[in-house]
2 protein chains.
Amino acid sequence: MEKTEAVAALAALAQENRLDVFRLLVQAGPDGLSAGHVATALGLAPNTLTFHFDRLRHAGLVTCRRAGRSIIYAARFDAMRTLLAYLTENCCQGTESCAPDACVPAKPARRKAKETV
Amino acid sequence: MEKTEAVAALAALAQENRLDVFRLLVQAGPDGLSAGHVATALGLAPNTLTFHFDRLRHAGLVTCRRAGRSIIYAARFDAMRTLLAYLTENCCQGTESCAPDACVPAKPARRKAKETV
DNA sequence: CCGACATTTCAAAAATTATTGAAATGATCC
DNA sequence: GGATCATTTCAATAATTTTTGAAATGTCGG
């Protein structure tokens with residue numbers, strides 16, 4: 001991942017409304033939500049929301065597709081993972097300062113027997 | 001983690017120079033680097049760097065301590081992990097859209113027998 | 001085709017953020 | 001104590017970003 005992309009993605013997330021939007025989409029899963037649904041859920045003006053969607057989309061963090069007269073936005077999970085990996089690249093000089101538990105699923109599947117201390 | 005903190009941390013990272021600074025500190029490990037060392041490494045004016053350090057510090061992403069006439073800055077790995085976890089909270093509705101490989105260590109220690117495919 | 005709805009576009013104003021240069025602080029060396 | 005080095009503070013300017021309101025586009029149902 002290039003630095004420019006990472007900055008774009010972080011800048012896209014570094015705003016209260018957009019962070020709300022993105023997390024809502026992340027929690028909604030791959031199927032996404034309509035623009036109107038998001039606007040209602042978060043209480044944002046539709047044109048303001050378009051502006052924020054645009055920034056998220058240009059940052060590569062969401063995709064959109066038309067469905068009838070609505071437009072459905074969805075989080076790009078691959079982009080999110082790439083970003084997280086970029087932040088921790090070559091981290092901690094081999095020390096264990098950085099634990100790998102980045103994904104906290106809604107439904108905890110099953111815990112491993114024991115972590116590598 | 002509160003939304004406000006997350007926005008602060010993301011905003012702190014959403015700037016080219018600060019992202020460089022933070023990643024340099026992340027790669028330097030828990031011991032950190034002096035302000036001057038960072039300034040030289042990245043070619044930044046010392047007062048500009050102070051401004052950026054301040055933002056990183058207020059966002060809780062770095063700590064600083066004095067050592068002689070230098071001041072040593074270090075990444076806060078705990079804060080980084082908390083932020084990453086916040087982004088992926090309750091993610092993907094149980095689908096596997098979000099993989100857990102957030103930490104890519106500099107020196108690959110030893111590979112586990114087999115990854116969970 | 002017309003009316004209603006969902007979303008986007010455009011332009012301007014308001015707010016926030018980054019960089020700069022000069023001067024101040026604090027620690028060390030002689 | 002005075003010179004020197006490392007970093008910070010302060011104030012001003014420059015640049016970017018967010019919000020707003022009004023009008024436009026595209027889609028559907030009758």
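Treat the numbers as computed from the prediction; the structure is a model and nothing was measured. Below, all heavy atoms of this structure are taken into account, side chains as well, without hydrogens, waters or symmetry copies. Labels below follow one simple rule: chain letters A, B, ... track the order of the sequence lines, proteins then strands, and each chain is numbered from 1.
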Measure the distance from [atom1] on [X] to [atom2] on [N] and round it to the nearest whole Å.
{"X": "B:Asp54", "N": "C:dT17", "atom1": "CG", "atom2": "P", "value": "14 Å"}
{"X": "B:Glu16", "N": "C:dT17", "atom1": "CD", "atom2": "C1'", "value": "15 Å"}
{"X": "B:Arg65", "N": "C:dA27", "atom1": "CZ", "atom2": "C1'", "value": "16 Å"}
{"X": "B:Phe53", "N": "C:dT19", "atom1": "CZ", "atom2": "P", "value": "14 Å"}
{"X": "B:Leu49", "N": "C:dA18", "atom1": "CG", "atom2": "P", "value": "13 Å"}

With a 3.5 Å distance limit and no angle check, can you tell me whether [X] reaches the backbone of [Y] through a side-chain donor-acceptor pair?
{"X": "B:Glu2", "Y": "B:Thr4", "result": "no"}
{"X": "A:Ser70", "Y": "A:Arg66", "result": "no"}
{"X": "B:Arg18", "Y": "B:Leu49", "result": "no"}
{"X": "B:Gln27", "Y": "B:Leu24", "result": "no"}
{"X": "A:His58", "Y": "A:Asp54", "result": "yes"}

Problem set entry | B:Asp78 and B:Arg81 ion-paired at < 4.0 Å |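 Here B:Asp78 does not pair with B:Arg81 in a salt bridge, since their nearest N and O are not under 4.0 Å apart.
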| said: Does C:dA24 have OP1 or OP2 under 4.0 Å away from a side-chain N or O of B:Asn47? | reply: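 No, B:Asn47 has no side-chain N/O under 4.0 Å of OP1/OP2 on C:dA24.
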Find every protein N or O atom lying less than 3.5 Å from an N or O atom of nucleotides 1-7 of chain C, and list the pairs.
from, atom 1, to, atom 2, distance (Å)
C:dT7, OP1, A:Ala35, N, 3.2
C:dT7, OP1, A:Gly36, N, 2.9
C:dT7, OP2, A:Gly36, N, 2.7

Check whether NZ of the Lys or CZ of the Arg B:Arg23 lies under 6.0 Å from the centre of the six-membered ring of A:Tyr86 and within 45 degrees of that ring's axis.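 Relative to the ring axis of A:Tyr86, which defines the angle, B:Arg23 lies inside both limits.
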How would you give the extent of chain A contacts on DNA chain D, as first and last nucleotide 5' to 3' within a 4.0 Å heavy-atom cut-off?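 First and last nucleotides in contact are D:dT17 to D:dC28.
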On DNA chain D, does the nearest nucleotide to A:Gln15 precede the nearest nucleotide to A:Ala67 from the 5' side, or the other way round? Give the residue.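 It is A:Gln15, whose closest nucleotide lies nearer the 5' terminus.
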Q) For B:Phe53 and B:Leu61, what are the C-alpha separation, side-chain angles and deciding distance, and is it a side-chain contact (heavy atoms from CB on, under 4.5 Å)? A) CA-CA 9 Å; B:Phe53 272 143; B:Leu61 289 170; over 6 Å; no
